[in-house]
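In what follows, a single structure is set out as structure tokens and then discussed.
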Amino acid sequence: MQNIRQTARNQIISVVNNAISSAGFESVPFAVETPRELSNGDFSVNAAMLLAKSAKLPPRAVADKLAQFICTKGTYIDRVEVAGPGFINFYLNNSWLYDVLPLVEDLKENYGQTDIGSGESIVVEFVSANPTGPMHMGNARGGALGDSMANVLRFAGFDVTKEFYLNDSGNQIEKFACSLEARYLQQCGVEVPFDEEWYLGEDIIDRAKEFIAIHGDKYVNAPQDERKAALTEFALEKNIGEMKKTLSDYRISYDVWYRESDLYKSGEVDEVIRLLQEKGYTYKKDGALWFKASEDGEKDEVLIRANGVATYFAADIAYHRNKFQKRGFDRAINIWGADHHGHVARMKSAMEALGVKPDRLEVVLMQLVRLMQGGEVARMSKRSGKAITLNVLLDEIGVDAARFFFNMRNAGSHFDFDLDLAVEQSNNNPVYYVQYAHARICSIIRLLAGDGIFVKNCGDIDISLLKEKEELNLLRKIGELPDEIALAAQALEPSRMTRYAIELANDFHSFYSACRVNVEDRQLCQARLKLIDAVRITLSNVLGIVGVDAPEKM
RNA sequence: GCGCCUGUAGCUCAGUAGGAUAGAGCAACUGCCUUCUAAGCAGUGGGUCAGGAGUUCGAAUCUCUUCAGGCGCGCCA
């Protein structure tokens, strides 16, 4: 068992079930909870309240009776009390906390892992920014969220693939091509109009200039198709290369870069449209082919335009079918901006139409980032080009702060990013607080090593010397990690990890102020050294999941 | 108009498979550095969980409703 809390819970479940049957009650699916106040025990059970009705007794009476039948022999349970409306509270002896240290010693960088995923395969698709320009704040949040979520799922025992879907064909690429062509011709002295619908950003002009630096103006008089194709291929590869570089700076590495154009090349887009037609999920209207998403037609969507060109939606159906039916993933998780939520129901009904259970597709809707500057909302439209890019953000606040900051809030909460504060590199940023705890620990370990005192194995230490409140709090917090990982994985909320890291750092700083590691009593010194080494490992594992450095010095 | 998300301390947010006295950080105030990093610790004050009704032993959490803000409702993605 790699989870000390689960071990304790299992003991309690077993002991309470025995008591229920010994007392002659019917079995109930009771909960083992963690009371908010430690004074109410390490765990509590609500069985008495649930049994009260069928037993025709007040909850407290049921609880008293159950408590009499609880046998604590051979368990961590020290004593049992009935309290409040009928809670049965379990107080454990300290040995359950001590047992976490050998666990950490044994598992090291794997401590915290659980097996709730039981090897289920999940593809996590995130960022998937259009390669038509630089990445922005929304991609920054999506990147931090998606990568950390995938890391959490891996820790929870899922077989995870990180994937970037590259929209390298279709309508927006055509717009991209037109924008490039116009900028190219303008740079070459040819006056051409620039459509308001095109990409207005400076980066398009830069690409045109770079293209000219290599090819000069020789494409000015070339056939338009040839000109656009040359420009697009050049700029696309350049942009994709820059995206990969930026994401790598952001400590994100994908297992798969999946190209939309491959779905057309392989014929999967045509194939999926044919399948939908055969199954009767399509109809023609106004010259276009529509997908019938619902009876009322409210959510119907065009698959093939009247001009014969397939929509992004059609390619996206083929893409998701590919995930499930061609590559066989059990689940697919997509991180989407909240502005795409209208797309979710359609995609799920498309999957259903193809015979894929729609709940295998889970879309995490991430509320958009609102950029605040000087107390005002700064707009970040890509077309207008007036956006803070991910590159600039990383230059200004650093990777650690960005990764940590974007994982401090739940995906569903709106995010006001105060640019002034971030640029300040203010100490308000809790990432320093957590990293400082890690650096402090490393410093102590370094100093003791200088005196010839090293971290020993648990077998050679008397862990039970750890009796101070701060020491026990630390052990308790370390023991919570596997539960936290499991909860974060179930809720798809990696933000639990940053909150846990702050709590653990907080417990360490409290310990640091209350207890000295380098004390005369060599036995106690060794026990405390072991304790902080376990904190170091735990902090490092959590920061690794979030994608933040665990520095040895600050 | 319809749909999704959000509303909790002055600010930013946790807590929502119903549980005990609703938490944290920041800001404010009071203490703590001759000993392992003060980027730290200890403490104080601060609440109509947006409003209302309902469900039950028990509701911030579930249901209904009102209000406020964000986003969406394209042969864009």
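Since the model is a prediction, treat every value here as computed from it, not as a measurement. Proteins come first, then strands; the chains are lettered A, B, ... in the order of their sequence lines, and each starts at number 1.
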- Determine whether the side chains of A:Asn130 and A:Lys175 contain a donor N or O and an acceptor N or O closer than 3.5 Å. no

- With a 3.5 angstrom cut-off on both distances, give the Watson-Crick or G-U wobble partner of B:G72, or none if there isn't one. B:C2

- Is any side-chain nitrogen or oxygen of A:Ser443 closer than 4.0 Å to OP1 or OP2 of B:U37? yes

- Item | Identity of whatever pairs with B:C57 - Watson-Crick or G-U, under 3.5 angstrom | B:G19

- Separation between the P atoms of B:A22 and B:U55, rounded to whole Å: 24 Å

- Atom CD1 of A:Ile441 and atom P of B:A39 are separated, to the nearest Å, by 16 Å

- Message: From NE2 of A:His414 over to P of B:U8, roughly how many Å is that when rounded to an integer?
- Response: 12 Å

- Query: Distance between the P atoms of B:U6 and B:A50, in whole angstroms?
  - Reply: 12 Å

- How about A:Asn407 and A:Thr498: does a side-chain donor come under 3.5 Å of a side-chain acceptor? no

- Message: Measuring to OP1 and OP2 of B:A42, would you say a side-chain N or O of A:Ser510 lies under 4.0 angstrom away?
- Response: yes

- Same-atom distance (C1') from B:G52 to B:G45, integer angstrom: 31 Å

- Counting primed atoms, P, OP1 and OP2 as sugar-phosphate and everything else as base, the B/S/- map of nucleotides 72-77 of chain B against protein heavy atoms under 4.0 Å is S--BSB

- Query: Given B:C41, is OP1 or OP2 found less than 4.0 Å from the side-chain N or O atoms of A:Tyr433?
  - Reply: yes

- Item | Geometric cation-pi criterion A:Arg79 and A:Tyr91, 6.0 Å radius, 45° cone | yes

- Message: Counting only Watson-Crick pairs (N1-N3 plus N6-O4 or O6-N4) and G-U wobbles (N1-O2, O6-N3), all under 3.5 Å, who is the partner of B:C33?
- Response: none

- Message: Taking B:U61 as the reference, what is the distance to B:U16 when you measure between their P atoms (whole Å, please)?
- Response: 12 Å

- Query: Between A:Glu268 and A:Arg321, does at least one N-O distance fall below 4.0 Å, as a salt bridge requires?
  - Reply: no

- Query: So, are A:Arg476 and A:Asp42 salt-bridged, with charged N and O less than 4.0 Å apart?
  - Reply: yes

- Query: When you check every protein heavy atom under 4.0 Å of nucleotides 19-30 of chain B, what one-letter string (B, S, -) results, 5' to 3'?
  - Reply: BB-----S----

- Query: Considering only the C1' atoms, how many Å lie between B:A28 and B:C33, rounded to the nearest integer?
  - Reply: 23 Å

- Starting at atom CG of A:Leu365, determine the distance to atom C1' of B:U6, rounded to an integer number of angstrom. 13 Å

- Under a 3.5 Å limit on both distances, the Watson-Crick or wobble mate of B:G7 is B:C67

- Item | Mate of B:G46 where both pairing distances stay under 3.5 Å, Watson-Crick or G-U | none

- Query: In whole angstrom, what separates A:Arg440's CZ from B:U35's C1'?
  - Reply: 13 Å

- Going through the distances and angles, do A:Glu163 and A:Lys323 end up as a salt bridge (Lys or Arg N to Asp or Glu O under 4.0 Å)? CA-CA 11 Å; A:Glu163 185 154 311; A:Lys323 287 178 180 174; 5.2 Å; no

- Message: Under a plain distance cut-off of 3.5 Å, with no hydrogens placed, do A:Gln6 and A:Arg9 share a side-chain donor-acceptor pair?
- Response: yes

- Message: Using whole Å, what does the distance between atom P of nucleotide B:C36 and atom CZ of A:Phe454 come to?
- Response: 20 Å

- Task: Measure from the ring center of A:His343 to the ring center of A:Phe313 and say whether it is less than 6.0 Å.
- Result: yes

- Provide, to the nearest angstrom, the distance between the CG atom belonging to A:Asn410 and the C1' atom belonging to B:G70. 17 Å

- Item | Interatomic distance at P, B:U56 relative to B:U63, whole Å | 16 Å

- Query: Which whole-number value in Å describes the distance from A:Leu448 CG to B:U35 C1'?
  - Reply: 13 Å

- Query: In whole Å, what separates the C1' atom of B:C4 from that of B:C49?
  - Reply: 23 Å

- Message: Distance check, C1' atoms only: B:A60 and B:G18, in whole angstrom units.
- Response: 11 Å

- Are A:Gln172 and A:Asn167 close enough that a side-chain donor and a side-chain acceptor fall under 3.5 Å? no

- Task: Write down the distance between CZ (A:Phe511) and P (B:A42), rounded to a whole number of angstrom.
- Result: 13 Å

- Query: Does A:Asn89 reach the main-chain N or O of A:Asn40 with its side chain, forming a donor-acceptor pair under 3.5 Å?
  - Reply: yes

